[in-house]
Amino acid sequence: GATMKVIAADKKGNVFYLRTQVLFPRSGSTDKSAVLDQEIFFIGTGSGGLSIRVGVPSLDLRSEAYAWTQAWLVSLRIPIS
């Protein structure tokens, strides 16, 4: 079956961050393993919170979406009022 690893966990102020990786094993001798990297943010607002989850699927950790996702996360701004 699939396995899940917690790659990183951090908490700063009212923000909790979790990075996980789920590995789905090969189903045949020629198939590549499927990997789902996830970055999860929970921002506490005092009376509630906001959850943001970003998932990047790939085959053998070579997704073309990694560079785009990293740039998007760096530019992410969440106004809390």
Specify the closest pair of heavy atoms between Leu18 and Ala9, including all atoms of both residues, with the distance to one decimal. CD1-CB, 3.9 Å
Residues passing the ring-ring contact (aromatic ring centres under 6.0 Å, His included) test with Phe16, sequence neighbours excluded, are none
Contact between Asn14 and Ile43 at the side-chain level, heavy atoms closer than 4.5 Å - yes or no? yes
Side chain proximity check, Val54 to Leu73, heavy atoms < 4.5 angstrom: yes
Is there a donor-acceptor contact under 3.5 Å from the side chain of Lys11 to the main chain of Gly13? yes
Are Ile40 and Leu23 in one and the same hydrophobic cluster, where Ile, Leu, Val, Met, Phe, Trp and Tyr link if side-chain heavy atoms are under 4.5 Å apart? no
When rounded to the nearest 0.5 Å, the distance separating CD1 of Ile7 from NZ of Lys5 is 5.5 Å
In the single-linkage hydrophobic clustering (I, L, V, M, F, W, Y; side-chain heavy atoms under 4.5 Å), do Trp68 and Leu76 co-cluster? yes
Kindly indicate whether the side chain of Glu39, heavy atoms from C-beta on, has any atom under 4.5 Å from the side chain of Arg53. no
Please write out which residues are connected to Val22 in a hydrophobic cluster, directly or through intermediates, given that two of Ile, Leu, Val, Met, Phe, Trp, Tyr count as joined at side-chain heavy-atom separations below 4.5 angstrom. Met4, Phe24, Leu36
Residue pair Asp37 / Arg19, side-chain heavy-atom distance below 4.5 Å: yes
What is the minimum heavy-atom distance between Phe42 and Gly49, and which atoms define it? CZ-CA, 3.7 Å
